Amino acid sequence: MWHGEKGDQTGVYGNAIYKIIGELPVSEMIQCRMSDSTIFAVFAKPVGKDSNRIIIFSGSAYAGFTGALIGNISDEALNLLRTAVLIPREEGGTSLYLNAMNF
């Protein structure tokens, strides 16, 4: 993860994330939101019973942050991510809204 990037660093790391995303199968994309200055993308694939390998990419030129998170997630939690709402933040980055209550 990189935090507090300045100038050309944002472009280098952001372009690396775009390249990686372009190499991942679209069928494994769970969520994605991109603009000219931000990206938030979630990819996952099943690796066992109720277990999925997940990678989350996040980058914001305005917030000066680029990173990737790799881990495991249950089917239930992954389904929550599928229905989450991605909201761009005015100061940079993306907020993730999970609807925890269904009426």
Side-chain angles (χ1 to χ4, degrees):
M1 290 188 165
W2 304 275
H3 181 70
E5 299 168 354
K6 302 290 182 211
D8 293 338
Q9 291 174 319
T10 300
V12 171
Y13 298 136
N15 289 339
I17 283 184
Y18 282 114
K19 182 179 178 187
I20 293 168
I21 287 173
E23 295 175 3
L24 293 171
V26 175
S27 61
E28 295 177 3
M29 184 182 287
I30 303 302
Q31 280 272 18
C32 187
R33 181 172 191 85
M34 291 187 208
S35 73
D36 60 340
S37 62
T38 64
I39 183 167
F40 186 87
V42 179
F43 289 81
K45 69 177 181 177
V47 292
K49 185 178 180 190
D50 194 36
S51 181
N52 303 277
R53 193 72 168 154
I54 188 170
I55 184 165
I56 300 172
F57 298 102
S58 179
S60 172
Y62 295 128
F65 173 85
T66 305
L69 178 66
I70 301 171
N72 291 320
I73 190 170
S74 69
D75 290 341
E76 181 181 1
L78 187 58
N79 286 332
L80 284 173
L81 278 177
R82 279 190 175 98
T83 60
V85 177
L86 302 178
I87 305 166
R89 298 175 60 198
E90 193 171 306
E91 63 276 7
T94 304
S95 295
L96 178 70
Y97 172 75
L98 296 174
N99 185 4
M101 301 175 75
N102 291 321
F103 293 98

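Position 1 is the first residue of the sequence, and the numbers go up from there. Remember, predicted model here, so these are calculated numbers, not experimental data.
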Would you name the heavy atoms of [X] and [Y] that are closest together and state the gap between them?
X: Asp75; Y: Ser51; answer: OD1-N, 4.2 Å
X: Pro46; Y: Asn52; answer: CA-OD1, 3.4 Å
X: Leu78; Y: Ala44; answer: CD1-CB, 3.7 Å

Interatomic distance, Ile20 atom CD1 to Ile55 atom CD1 [nearest 0.5 angstrom]: 6.5 Å
How long is the span from the CD1 atom in Ile56 to the CD1 atom in Ile73, to the nearest 0.5 Å?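 Atom-to-atom, Ile56:CD1 and Ile73:CD1 are 6.5 Å apart.
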Note, [X] side chain near [Y] side chain (heavy atom, < 4.5 Å):
X: Thr83; Y: Asn79; value: no
X: Arg82; Y: Val42; value: no
X: Phe57; Y: Tyr18; value: no

Tell me whether Phe43 is reachable from Ile70 by hopping between hydrophobic residues (I, L, V, M, F, W, Y) whose side-chain heavy atoms are closer than 4.5 Å. yes
Got a donor-acceptor contact below 3.5 angstrom from the Gln31 side chain to the Leu86 backbone?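 No, Gln31 side chain to Leu86 backbone: no donor-acceptor pair under 3.5 Å.
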Under 3.5 Å donor-acceptor pairs involving side-chain atoms of residues 22-30, not counting sequence neighbours:
none

Please name all residues satisfying side chain to side chain contact (heavy atoms under 4.5 Å, CB included) with Ser74, sequence neighbours left out, ordered by chain then number. Asp50, Glu76, Ala77
